[in-house]
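In what follows, chains carry the letters A, B, and so on, assigned in the order in which the sequence lines appear, proteins first and then strands, with residues in each chain numbered from 1.
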Amino acid sequence: MHVDLDAFFAAVEEKNHPEYVGKPIIVGADPKQGKGRGVVSTCNYVAREFGVRSAMPISRAWRLCPHGVYLPVNYELYEQVSTRIMSILRKYADRFEQVGIDEAFLEISQKASSFEEAERIAREIKSAIRDSEGLTCSVGIGPNKLVAKIASDYRKPDGLTVVREDSMKHFLHPLSVEKIWGIGKKTKERLNSMGIRTIGDLSSCDVARLRKQFGSLGEEFHRMSQGIDESDVLEESPPKSFSREHTFQEDTSDKSQIQSTINDLCTDVASQVSRNGFLFRTVTIKIRYEDFETHTRSRTLPFATSNPESLKVTAARLFDPFLPENKRIRLLGVRASSLTKKTKQRILEI
DNA sequence: TCTGGGGTCCTAGGACCC
DNA sequence: TCTGGGGTCCTAGGACCC
C-alpha cells in the first residue's frame, strides 16, 4: 500500500487557518509582487485550477493567480503533523517505509489476506487521518511498490485505487511513461523521440533497443513497464550526506557577502553532522553563476571529523578558484558525506 | 516560465594496488 | 617495446525524487 497526503503543506495551512478555506493557497518562496525568486513548494487544489503547480517559479504562479494566499514554508509545523500521521500509519503495517515528509509504503501482506481486506484497511487509515488531523490522503494498493505508488497517484485528492495482478497491465498500459518511478522530464523526452509515449509502448519495445539507449536502466524500465518490481518495503536507513545551500536574493559578487555565506553554510552542515552523531570525510562545494552554469568540487580527507573548522578550511580551498570570476554568483552550497557513526572512543593511528 | 532546498543513485574516467 | 586483468576509491556531472 502507498499512502500520499494530499497537497500536504497547503492542507496543513488550510487546517490551521479556516479563513483560507476555498481560497487558492500557495506555499513556497515569497512572490514579491511577481519579482520573487524561488518556486512553489505545494499549492492546494483551488490554486491548481489557475494552473499553479509544484516546482513552478513563484513569479509565474503570481501571474497566474495574483489574488492567491501566498505563505512561506513552515517546515517545523509540517514535520510535527507528519510525525503524528506516520505513527498512525505504522500501526497498520507489517513493515513500514516513509518516503519524504508526506508519503509512505506499507507492507500489509500479513495483516491483509486479500485485496478486499487491504481495501478495508485503507478506508480505516483514511478515516483515522481525517479524524485526528482533518487531512485527506490518496491510497494505492497493488502487488508491489511500483504499482501501489502509481495507483495512489491515479485518483487525487482523497482517492483509493486497488490494482490486482490480473488487471495490472490494463491499468498501466495507457499511462504516460513519466508515471514510472525514475522516468522524469529528460528520460521522457528521449523515450518520446523513440516513439515511446505510454507504458504500453514501453512494454512492447525491444529490450535490446532500450538497453542500447539507457544501459542497465533501460532493462529496468522495461521490467517496470510490465509491472514487475521486486523491491522491498524497507525500514529507515542511515543518511549518506548532510548539505545546505543558499540562493541569493540577488546575484552577487560581493566578497564579504560570499565569505559570510560560506561560513554560515559550513557551520550549519557541521552542526547537523555532529547533532546526528556522525563524522564526515568528504566535503563537496557547489557554485552556480548568474547564467546558471553550475560546478561542484569535492575533496576527501584522509581522516573522519566533525570539526567545523576542518569543513571551513576545506570548503574555502575548493571555492577559491571559482570566486574571482567576473560573473556574479547565484547559489552557494556545502555538503558533507562519506559519513561514519561517531563511536565513543576513536583509535588514534600512529 | 526562469528556474528552491535537501536528498539518492548512476556513470565514466582516472589513480592506484596487487 | 607496447603494454593484462581485477579490484577499490575518488571525482564531476547529471537525472531524479519529494
Can the ring centres of A:F319 and A:H295 be said to be less than 6.0 Å apart?
->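 No, too far apart.
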Centroid-centroid distance, A:F221 to A:F214, less than 6.0 Å |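 Yes, ring centres under 6.0 Å apart.
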So what does [X] touch, heavy atoms closer than 4.0 Å: a base, only the sugar-phosphate, or nothing?
{"X": "A:T187", "result": "sugar-phosphate"}
{"X": "A:S216", "result": "sugar-phosphate"}
{"X": "A:R53", "result": "nothing"}

Which nucleotide wins on minimum distance to the side chain of [X], given the candidates [options]?
{"X": "A:R63", "options": "C:dA12, B:dT1, C:dC18", "answer": "B:dT1"}
{"X": "A:F292", "options": "B:dG7, B:dC2, B:dG4", "answer": "B:dG4"}
{"X": "A:K186", "options": "B:dT8, B:dG5, C:dC16", "answer": "C:dC16"}
{"X": "A:S59", "options": "B:dG4, B:dG5, B:dC2", "answer": "B:dC2"}
{"X": "A:R335", "options": "C:dC10, B:dG7, B:dC2", "answer": "B:dG7"}
{"X": "A:H295", "options": "B:dG5, C:dC16, C:dG13", "answer": "C:dG13"}
{"X": "A:W181", "options": "C:dC18, B:dG5, C:dT11", "answer": "C:dC18"}
{"X": "A:R297", "options": "C:dA12, B:dG7, B:dG5", "answer": "C:dA12"}
{"X": "A:T300", "options": "C:dC18, C:dC10, B:dG6", "answer": "C:dC10"}
{"X": "A:V99", "options": "B:dG4, C:dC18, B:dT1", "answer": "C:dC18"}

So, does [X] get its side chain near the phosphate of [N], meaning an N or O under 4.0 Å from OP1 or OP2?
{"X": "A:R288", "N": "B:dT3", "answer": "no"}
{"X": "A:Q272", "N": "B:dG7", "answer": "yes"}
{"X": "A:R330", "N": "B:dT3", "answer": "yes"}
{"X": "A:K149", "N": "C:dC18", "answer": "yes"}
{"X": "A:S241", "N": "B:dT8", "answer": "yes"}
{"X": "A:T296", "N": "C:dA12", "answer": "no"}

Rounded off to whole Å, could you give me the [atom1]-to-[atom2] distance for the [X] and [N] pair?
{"X": "A:R211", "N": "B:dC10", "atom1": "CZ", "atom2": "C1'", "answer": "14 Å"}
{"X": "A:R190", "N": "C:dG14", "atom1": "CZ", "atom2": "P", "answer": "14 Å"}
{"X": "A:E245", "N": "B:dG4", "atom1": "CD", "atom2": "P", "answer": "8 Å"}
{"X": "A:Y78", "N": "B:dG6", "atom1": "OH", "atom2": "C1'", "answer": "16 Å"}
{"X": "A:E220", "N": "B:dC9", "atom1": "CD", "atom2": "P", "answer": "14 Å"}
{"X": "A:I183", "N": "B:dC10", "atom1": "CD1", "atom2": "P", "answer": "15 Å"}
{"X": "A:E97", "N": "B:dG7", "atom1": "CD", "atom2": "P", "answer": "17 Å"}
{"X": "A:R299", "N": "C:dT11", "atom1": "CZ", "atom2": "P", "answer": "8 Å"}

Any cation-pi pair here, A:R288 with A:F292, using under 6.0 Å and within 45°?
->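 Geometry flag: set, cation within 6.0 Å and 45°.
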Pairing nucleotide - C:dC18, Watson-Crick or G-U, each distance under 3.5 Å |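 Per the H-bond distance test, B:dG5.
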Between A:K312 and A:E309, is there a side-chain N and carboxylate O pair less than 4.0 Å apart?
->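 Answer for the salt bridge query: yes.
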Report the relative orientation of the aromatic rings in A:H67 and A:F50; use parallel for angles under 30°, tilted for 30 to 60°, perpendicular for over 60°.
->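 Rings of A:H67 and A:F50: perpendicular, as their planes differ by over 60°.
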Can you find a side-chain donor-acceptor pair between A:S231 and A:D229 that sits under 3.5 Å?
->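 The criterion, which ignores hydrogens and geometry beyond distance, is satisfied for A:D229 and A:S231.
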Does the side chain of A:D6 come under 3.5 Å of the side chain of A:S138 through a donor N or O and an acceptor N or O?
->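 Yes, because at least one side-chain N or O of A:D6 sits under 3.5 Å from a partner of the opposite role on A:S138.
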With nearest nucleotides of DNA chain B determined for A:S41 and A:R60 from heavy-atom distances, which residue corresponds to the more 5′ nucleotide?
->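 Going by which nucleotide is closer to the 5' end, it is A:R60.
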If you find the nucleotide of DNA chain B closest to A:K35 and the one closest to A:L217, which residue's nucleotide is nearer the 5' end?
->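 In this pair, the answer is A:K35.
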C1' atom, C:dG4 versus B:dC16: distance in rounded Å?
->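 Nearest-Å result for C:dG4 against B:dC16 at atom C1': 16 Å.
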